[in-house]
Amino acid sequence: MPTRICTSSRAAIILTLLGLLAPHLGWAQVRHILSGLVRGTDGTALPGATVAVPSLGLGTATDELGRYRLEIPTGSQEVTVSFVGYLPQTFRVNMGRNQQRDLALAPSDNELSEVVVQGQQTLQEKLETTQMGVERLTVREAKLLPALFGEVDILKTLQLKPGVQSGGEGSSGLFVRGGSADQNLVLLDNALVYNPNHLFGLFSVFNSDAVQSVDLYKSGFPAQFGGRLSSVIDVKMREGSREKFTVNGGIGLIASRLSLEGPINNGKGSFLVSGRRTYFDIFTRALNRANASDESWRPIPDYYFHDFNAKANYTLGEKDQVFATAYLGRDVFGFNSFGNLSANFSWGNTLGTLRWQHTFSPQLTANTQVGVTSYRYKLGSAFDIASFGLTSTIRDYNARVDFDYAPHPAHQVRFGGSVTHHTFGVGRLQVETGDNSLNIDDDISYPALEGGLYASDSWKVSDKLQAEVGLRLSGFSSEGRVYGGIEPRAAVRYSLSDNLALKANYALMYQYAHLVSNTGASLPTDIWYPTRLSVKPQRSQQVSTGFSLLLFGGKFLLTDEVYYKWAANQVDFRDGAQIFANPNLDQEFLFGRGWSYGNELYLEKKEGKTTGWIGYTLAWAWRRFPPQRGTDGINDGRDYYPSYDRRHNLNVVVLHQLNTRLSLTSSFVYTSGAPATLPAGRFPLQNVPGGDLLAVPVYPDRNTYRLIPYHRLDLGVVWKLRPVRFGTERDLTFSVYNAYDRRNAYFVYFEVSRDQTTDVINGFTAQQVSLFPIIPSVTYNFKF
Amino acid sequence: MKAKQLVAAIGLGSLLLAAAGCNLEKEVDVVLPAYTPELVVECYLQAGQVPRLTVVESGAYLPTRVDTGQPTITLPTATTPTLGLGLPNGITIQLPVDVTARLTLPSGQVVPLRFAPGIDPVTRKVFTHIGTTPLAMQPGQRFALDVRDTRGHNVTGTASVPTFIPIDTVRYGFNGLSGGDRRANVVTRWTDPAATANFYYLLLNNSREPNDDAGDYLLNDQLFNGQTYTALTTFRFMPGDTMTATLFHMEPQYYNFLQSVEGAVRANGNPFAQPARIRSTVQGGLGVFTVLVSDRRTVILE
């Protein structure tokens with residue numbers, strides 16, 4: 001069957017078509033469009049800035065490119081534009097026709113602007129948006145919160161939002177509403193990032209100095225996004241200043257950062273370059289050197305990671321602007337001190353994009369982008385006369401075009417398409433010996449083509465009812481076969497009053513690239529594998545509904561969402577699978593289904609001296625892999641919890657600005673214990689003559705044991721120092737991770753216990769391993 | 001590097017910062033899932049050898065030390081073989097005494113294996129049941145095993161005779177150093193038949209410790225189908241050592257069993273591993289019933 005087109009939800013399709021074809025329905029009042037771009041005076045686009053007409057109760061936020069569009073009734077109106085850290089601007093506009101007005105906001109004179117606690121997206125805007133399950137976070141917010149080793153991590157901050165689980169202690173991995181980590185579409189300036197983690201997930205690849213903002217979509221996915229089942233993490237890089245040359249950076253406990261930015265050609269463009277590197281390896285080398293004479297000393301491997309970000313933009317004319325983005329990140333492990341054995345292990349992402357933005361008219365703009373992205377890990381080892389290398393890569397060449405079209409004040413249409421050429425280098429094994437007695441070079445690689453076309457309409461049906469409907473047609477071609485599906489998306493909002501809105505949405509998603517892992521964690525050695533005849537596309541559907549309620553005069557927003565998600569063609573390995581350099585890797589796969597459901601309660605305060613949120617999630621996640629292809633499946637086909645299932649999850653985040661120089665922050669996390677698989681029985685295996693006797697553990701069903709509940713309190717202080725000269729900024733950020741030194745369980749293993757006098761084995765004891773005790777840290781940040 | 005060491009390395013920064021003596025590991029009480037003991041069989045048939053069978057019972061991973069009331073024999077500790085993975089003497093193997101076993105020969109003849117527990121003086125392997133006459137076999141022939149106790153357990157299995165794959169050569173080389181640093185490696189070569197999928201278990205033994213392996217390799221021929229394969233060791237053997245390489249050509253079921261055993265054993269202490277369930281070659285219990293066909297070469301490292 002070469003072609004497989006799946007259809008579902010005719011109602012959603014009809015809604016979409018209705019939305020696209022009926023732009024002139026139901027809009028009695030004469031309105032005109034005010035549109036434009038909001039930048040800082042340094043030329044930096046400001047996504048999330050508020051553009052409002054207070055007298056009419058109208059308002060909107062700029063999009064990820066700093067663009068805004070507001071429908072305003074005919075007449076003279078006063079418009080205000082505001083953005084955190086910048087002076088608000090007010091102007092009067094006579095709306096007798098559509099108009100375009102670009103604005104440049106000046107930074108606030110308050111030197112502590114960075115620590116003013118105010119969210120970019122106001123609670124009123126969150127109430128009024130159609131989309132549910134969306135979290136927008138700025139680096140300014142993330143920088144306030146206490147962080148592990150003082151390393152600001154925007155992905156870890158997202159873990160504090162309801163419906164998002166971490167993979168474990170200190171991990172940057174995101175598990176959204178029962179989806180696995182590979183089901184997140186992680187984008188950096190619209191380029192796919194295959195592995196967003198450093199150091200097995202302890203840190204994300206996003207350098208906080210180079211990032212402007214991140215949007216997390218847990219449901220109600222806009223139609224322009226596709227290719228992953230569970231979430232979209234849309235990271236936007238910061239643009240450099242068009243006004244002056246600036247240096248900023250930070251010196252932390254484990255890493256330092258440095259960024260340079262400045263204007264190009266008298267402010268027609270700007271650039272930003274930013275780098276970060278850890279220095280674990282300096283400490284470990286010193287330790288190894290100090291213990292070099294100790295024969296019992298086991299040398300600690302060298303490890304470091306680094307990131308390099310670059311972005312440039314240039315205004316070609318009134319209607320044209322180009323942007324270039326680049327990222328290079330690597331993790332490097334290496335050791336060569338174990339006798340005659342040396343090994344090195346490196347992995348990382350590389351990406352680059354070039355985007356051209358063209359404004360045809362105030363109603364129509366287009367963004368055309370080409371890019372390349374790749375992820376690779378390389379494991380090499382050499383001992384005596386032999387060398388061994390294992391490499392896995394995935395490389396994409398991508399082109400996409402996106403149009404924004406406003407045919408009518410009640411409609412905002414988006415449409416476009418993308419095409420990606422993938423090369424899945426599933427594994428290359430190279431083994432050589434100096435005497436040529438052994439020479440293996442096995443390379444398993446699959447090319448594939450992925451494409452998508454989409455259209456969506458944000459339709460303001462009435463003052464109370466707003467809908468966003470869309471369709472995405474996705475396809476994937478590999479080995480002469482084509483797979484595809486229609487992905488309807490729909491979201492509606494109905495305002496019961498000025499303070500209360502009901503929302504609901506539905507989305508169907510396809511995923512054609514599968515990250516196959518035989519571990520409970522997400523590791524750099526996990527392998528991306530394409531959809532082929534033997535591996536069907538993953539598919540998920542999600543429905544969610546809830547309400548948003550403004551409380552206490554709009555100071556608080558209470559949101560409650562319930563969701564149900566079901567997914568088909570989920571991929572896992574059979575127990576004991578051989579995953580490295582296996583030319584028949586797909587024979588090791590098992591296929592099953594997953595489903596999850598839950599309720600997310602979220603109370604948020606975004607303005608004032610004290611801000612923060614409380615999020616509580618009650619959720620279930622399930623998997624079922626029935627017996628298949630001569631195997632017992634997983635658990636003989638019985639349902640089980642994946643390792644990231646958590647029943648309860650409570651997050652409390654409080655940020656308090658004591659004065660203009662000092663801010664106190666704290667976050668508290670409580671989650672139910674993680675599922676784990678521990679042995680229930682054991683037996684002795686004597687083995688063949690000459691073989692060793694083994695005590696073999698017998699494992700019951702997967703993930704039947706629960707580790708102890710996880711909870712942790714982090715505390716932080718941001719202390720803004722007096723500038724050494726005008727125009728400079730300095731601060732010290734203190735963090736205490738795990739403030740009450742809780743020993744959370746990272747994993748449990750069993751150790752042989754012996755009689756102390758006879759050394760005879762008398763049983764086994766369970767040992768619980770924790771990863772991090774209390775960790776104080778301090779980071780010095782500067783800007784000049 | 002073991003996973004625990006890796007985790008320790010990851011936590012290095014925290015250890016440097018945290019108070020001295022900060023312990024990140026502690027003993028805890030865990031309540032493991034209830035476990036129902038099963039019969040565990042180990043039976044390796046070999047041409048020209050009297051068949052032997054070992055039947056034991058699996059037990060709870062953390063035993064409650066409460067007598068189960070089942071009839072058992074405790075072999076003397078002093079004669080119990082050494083556990084692998086560096087564990088010393090001291091394991092007492094509980095042997096059920098109510099087990100009967102029957103072996104079906106390729107001819108269809110059923111041979112009872114009598115209960116006569118003991119320890120092989122050469123291999124130091126425990127056995128519980130033994131046949132009466134040496135076995136004759138040809139490649140492709142099939143044996144069957146039926147084991148049952150008085151408590152309703154019934155373990156069955158079948159095993160085919162693999163073809164013989166000879167070792168081409170076993171060579172060694174020294175590292176060029178002298179004195180106490182002089183070490184040798186061992187290189188074993190054989191040629192894989194192209195027509196079939198083949199599975200191998202290569203065992204190296206040093207005459208100084210003949211019942212402990214000095215290296216073992218579980219392989220399939222996916223990467224060298226039809227070619228000559230070379231198995232290497234590091235330079236770790238002493239001058240004068242007598243090394244024996246034994247190459248077993250095995251059924252896929254036995255390969256899968258050993259692979260699952262490896263996956264189960266290695267999962268303990270590795271937070272990144274997905275523990276493997278045991279893929280026994282027998283039904284109704286745990287363990288392995290197989291036919292061993294092997295070639296063996298011995299070299300003296302001089």
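We name chains A, B, ... by the order of the sequence lines, and we start the count at 1 in each one.
- Rounding to the nearest 0.5 angstrom, the gap separating the OH atom in A/Tyr746 from the CG atom in B/Leu24 is 12.5 Å.
- Of the listed residues (B/Val40, B/Asn175, B/Asn256, B/Thr290), the greatest number of heavy-atom pairs within a distance under 4.5 Å of chain A belongs to B/Val40.
- Between the side chain of B/Glu42 and the backbone N or O of A/Gln686 there is at least one donor-acceptor pair closer than 3.5 Å.
- For chain A, the option among B/Pro37, B/Pro33, B/Gly263, B/Gly59 with the highest count of heavy-atom pairs below 4.5 Å is B/Gly59.
- Only the backbone of B/Val31 comes within less than 4.5 Å of a heavy atom in chain A; its side chain stays farther off.
- For the pair B/Arg277 and A/Tyr699, the cation-pi test (distance below 6.0 Å, angle within 45°) is failed.
- A donor-acceptor contact closer than 3.5 angstrom links the side chains of A/Tyr749 and B/Glu25.
- The OG1 atom of B/Thr123 sits 11.5 Å away from atom CG of A/Asn687, with the distance rounded to the nearest 0.5 Å.
- Both the backbone and the side chain of A/Asp636 have a heavy atom closer than 4.5 Å to some heavy atom of chain B.
- Applying the ring-ring contact (aromatic ring centres under 6.0 Å, His included) test to A/Tyr279 and every residue at least two apart in sequence or in another chain returns nothing.
- In this structure, the portion of A/Thr704 lying under 4.5 Å from any heavy atom of chain B is its side chain and not its backbone.
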Under 3.5 Å, side-chain donor or acceptor atoms of residues 243-250 of chain B against the rest of the protein: list the pairs with distances, not counting sequence neighbours.
{"unit_1": "B/Thr244", "atom_1": "OG1", "unit_2": "B/Thr298", "atom_2": "OG1", "d": "3.0"}
{"unit_1": "B/Thr246", "atom_1": "OG1", "unit_2": "B/Arg296", "atom_2": "NE", "d": "3.3"}
{"unit_1": "B/His249", "atom_1": "ND1", "unit_2": "B/Thr163", "atom_2": "O", "d": "2.8"}
{"unit_1": "B/His249", "atom_1": "ND1", "unit_2": "B/Thr163", "atom_2": "OG1", "d": "3.3"}
{"unit_1": "B/His249", "atom_1": "NE2", "unit_2": "B/Asn198", "atom_2": "OD1", "d": "2.8"}

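- Both the backbone and the side chain of B/Ala267 come within contact range of chain A, with heavy atoms under 4.5 Å apart.
- Residue B/Arg279 touches chain A through its side chain alone, counting heavy-atom pairs closer than 4.5 Å.
- Ranked by heavy-atom pairs under 4.5 Å with chain B, the list A/Asp701, A/Val698, A/Leu678, A/Val688 is led by A/Val688.
- Looking at B/Val28, the atoms closer than 4.5 Å to chain A (heavy atoms on both sides) sit in the backbone and in the side chain alike.
- Both the backbone and the side chain of B/Glu27 come within less than 4.5 Å of a heavy atom of chain A.
- Of the two parts of B/Thr36, neither the backbone nor the side chain holds a non-hydrogen atom closer than 4.5 Å to a non-hydrogen atom of chain A.
- For the atom pair CG of B/Leu258 and CG of A/Leu685, the computed distance is 7.5 Å after rounding to the nearest 0.5 Å.
- For the options A/Pro697, A/Pro689, A/Ala745, A/Pro700, heavy-atom pairs under 4.5 Å to chain B are most numerous at A/Pro697.
- Side-chain contact check for B/Gln274 versus A/Thr677: some heavy-atom pair is nearer than 4.5 Å.
- How far CZ of A/Phe750 is from CG of B/Leu32: 4.5 Å, rounded to the nearest 0.5 Å.
- The CG atom of B/Asn268 sits 9.0 Å away from the CZ atom of A/Phe747 when rounded to the nearest 0.5 Å.
- Contacts of A/Asn738 with chain B are absent, with no heavy-atom separation under 4.5 Å from either backbone or side chain.
- In plain terms, the two heavy atoms of A/Ala680 and B/Tyr35 that are nearest each other are O-CB, 3.6 Å.
- Other residues, nucleotides and ligands place no more than 12 heavy atoms under 6.0 Å from the CD atom of B/Glu209.
- Between chain A and the residues B/Asp213, B/Asn205, B/Asp29, B/Val122, the most heavy-atom pairs under 4.5 angstrom are made by B/Asp213.
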